[in-house]
Participant: 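One structure is given below, represented as structure tokens, and several questions about it will come after.
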Amino acid sequence: MEGVIDAFLILARESDVEPLVERVDVVALARTEAEALEPLLEGKPVELQVHSAGRCILLAPPRVVQVVVGNLIRNACCYTARGQINVDINDEAMIIRDTCIGKSAETLERVFEPFYRVAGEADGGQGAGLGLSIVRRLCDRFGWQITMESVVGQGTTATIRFV
């Protein structure tokens, strides 16, 4: 919760006021977040793995990176009923692929809108529909590019390019 509050404060500040930054190891952070989110997969036949093909070190506020990475992994855990979630990290990007319910083209157009939720999705009605909106705004604020691709019935891929 503290991370979300920090993220809101950063977003509320003027863009010319730079937040305090540190070196953040994205691989280590993703592994910590994945471990913390494992309980969301309890009772589901889902395998969650974090892979790295290099080191991804960002100069950024650690809480911001935690909110972005944690939210994307949390969404994958909530919406994947079976199969796998792979978090692949290289020197420049993080790619989260899951075997969730997938999203239609119409849904993909709106996933980053505040309060947008799809009725009947697999998360049991949790959340307010703010997570991806916050992720998009944080990515925009720090110059990261986020994209999402999906195929209904096959899964979703979220990619953040940190360069």
Side-chain angles (χ1 to χ4, degrees), residues 1-11 18-103 107-108 111-112 121-123 126-127 130-163:
M1 186 58 135
E2 288 177 25
V4 174
I5 292 169
D6 287 347
F8 277 134
L9 290 173
I10 287 168
L11 290 172
E18 289 300 319
L20 296 174
V21 297
E22 298 176 27
R23 292 174 51 89
V24 179
D25 182 336
V26 177
V27 175
L29 189 136
R31 287 191 171 125
T32 300
E33 288 297 304
E35 185 177 305
L37 293 167
E38 280 281 342
L40 294 176
L41 299 175
E42 203 167 293
K44 294 181 183 180
V46 176
E47 184 178 2
L48 170 59
Q49 293 186 341
V50 177
H51 308 278
S52 65
R55 291 187 50 109
C56 184
I57 305 294
L58 297 179
L59 195 56
R63 297 272 188 168
V64 167
V65 181
Q66 179 183 16
V67 167
V68 169
V69 170
N71 187 281
L72 292 172
I73 296 173
R74 177 186 315 280
N75 280 359
C77 290
C78 288
Y79 292 108
T80 303
R82 62 175 18 96
Q84 51 191 312
I85 301 165
N86 288 303
V87 181
D88 296 305
I89 303 166
N90 61 41
D91 296 339
E92 301 175 348
M94 179 178 75
I95 303 155
I96 301 173
R97 292 179 183 91
D98 63 43
T99 54
C100 74
I101 58 176
K103 294 170 181 41
T107 298
L108 273 179
V111 293
F112 295 111
E121 286 205 2
D123 75 340
Q126 298 174 2
L130 287 172
L132 289 177
S133 174
I134 292 168
V135 166
R136 162 62 59 84
R137 290 189 61 206
L138 288 170
C139 287
D140 289 348
R141 172 75 167 82
F142 290 94
W144 307 328
Q145 179 186 18
I146 182 165
T147 58
M148 209 170 258
E149 300 171 356
S150 191
V151 176
V152 174
Q154 293 183 19
T156 299
T157 299
T159 302
I160 298 179
R161 299 208 182 283
F162 296 111
V163 290

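Just so you know, these numbers use all the heavy atoms, side chains as well, and skip hydrogens, waters and symmetry mates. Numbering starts at 1 and runs along the sequence shown.
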Participant: Going by heavy atoms in the side chains, are L58 and F142 under 4.5 Å from each other?
Facilitator: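 When only atoms from C-beta onward are counted, F142 and L58 do not touch, as no gap falls below 4.5 Å.
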Participant: With rounding to the nearest 0.5 Å, note down the distance linking CG in L41 to SG in C78.
Facilitator: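 That separation rounds to 8.5 Å.
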Participant: So which pairs with a foot in residues 26-40 pass salt bridge (Lys or Arg N to Asp or Glu O under 4.0 Å), sequence neighbours left out?
Facilitator: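 Listed by first then second residue: nothing to list.
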Participant: Which heavy atom of L29 sits nearest to which heavy atom of Q66, and what is that distance?
Facilitator: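 Shortest heavy-atom separation between L29 and Q66 comes out as CD2-CA, 3.8 Å.
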Participant: Looking only at heavy atoms, which two atoms of V24 and A60 are closest? And how far apart?
Facilitator: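 Answer, listing the atom of V24 first, then A60: CG2-O, 3.5 Å.
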Participant: Scan for side-chain hydrogen bond (donor to acceptor under 3.5 Å, both in side chains) pairs involving residues 149-163, sequence neighbours excluded, and state none if there are none.
Facilitator: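 Found S150-T156.
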Participant: Sequence neighbours excluded, which residues qualify as side-chain hydrogen bond (donor to acceptor under 3.5 Å, both in side chains) partners of N86?
Facilitator: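 By the side-chain hydrogen bond (donor to acceptor under 3.5 Å, both in side chains) rule, N86 matches H51, Q84.
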Participant: How long is the gap from OG1 on T80 to CG on L48, to the nearest 0.5 Å?
Facilitator: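 Result: 9.5 Å between the selected atoms.
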Participant: Once rounded to the nearest 0.5 Å, what's the spacing between atom CD1 of I85 and atom CG of L72?
Facilitator: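 Nearest 0.5 Å value for the CD1-CG distance: 11.5 Å.
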Participant: First locate atom CG of L59, then atom CZ of F162, and finally report the distance between them rounded to the nearest 0.5 Å.
Facilitator: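 Rounded to the nearest 0.5 Å, the CG-CZ separation comes out at 13.0 Å.
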Participant: Please find the pair of heavy atoms, one from R97 and one from D88, that lie closest to each other, and give the distance.
Facilitator: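 Minimum heavy-atom separation between R97 and D88: NH1-OD2, 2.9 Å.
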Participant: Compare every heavy atom of V50 with every heavy atom of A30, then report the nearest pair and how far apart it is.
Facilitator: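 In terms of heavy atoms, the two residues are closest at O-CG2, 4.0 Å.
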Participant: Determine whether a donor-acceptor pair (N or O, by modelled atom type, separation under 3.5 Å) exists between the side chain of D91 and the backbone of R55.
Facilitator: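 At least one qualifying donor-acceptor pair exists.
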Participant: Please assess I160 against C139 for the test side chain to side chain contact (heavy atoms under 4.5 Å, CB included), listing each intermediate value before the final yes or no.
Facilitator: CA-CA 8 Å; I160 298 179; C139 287; 4.3 Å; yes
Participant: Please determine whether side chain to side chain contact (heavy atoms under 4.5 Å, CB included) holds for the pair Y79 and D98, giving the CA-CA distance in whole Å, both sets of side-chain angles, and the decisive distance to 0.1 Å.
Facilitator: CA-CA 9 Å; Y79 292 108; D98 63 43; 5.9 Å; no
Participant: With side chain to side chain contact (heavy atoms under 4.5 Å, CB included) as the test, would you mind laying out the steps for I73 and V87 before giving the verdict?
Facilitator: CA-CA 8 Å; I73 296 173; V87 181; 4.1 Å; yes
Participant: In Å, rounded to the nearest 0.5 Å, how long is the span from CD1 of I96 to CG of N75?
Facilitator: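 Here the rounded value is 9.0 Å.
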Participant: Under the side chain to side chain contact (heavy atoms under 4.5 Å, CB included) rule, what do L132 and M148 come out as? Steps first, then yes or no, please.
Facilitator: CA-CA 11 Å; L132 289 177; M148 209 170 258; 4.0 Å; yes
Participant: Give, for atom CZ of R136 and atom OG1 of T147, the distance between the pair rounded to the nearest 0.5 Å.
Facilitator: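 R136 atom CZ to T147 atom OG1 measures 9.0 Å (nearest 0.5 Å).
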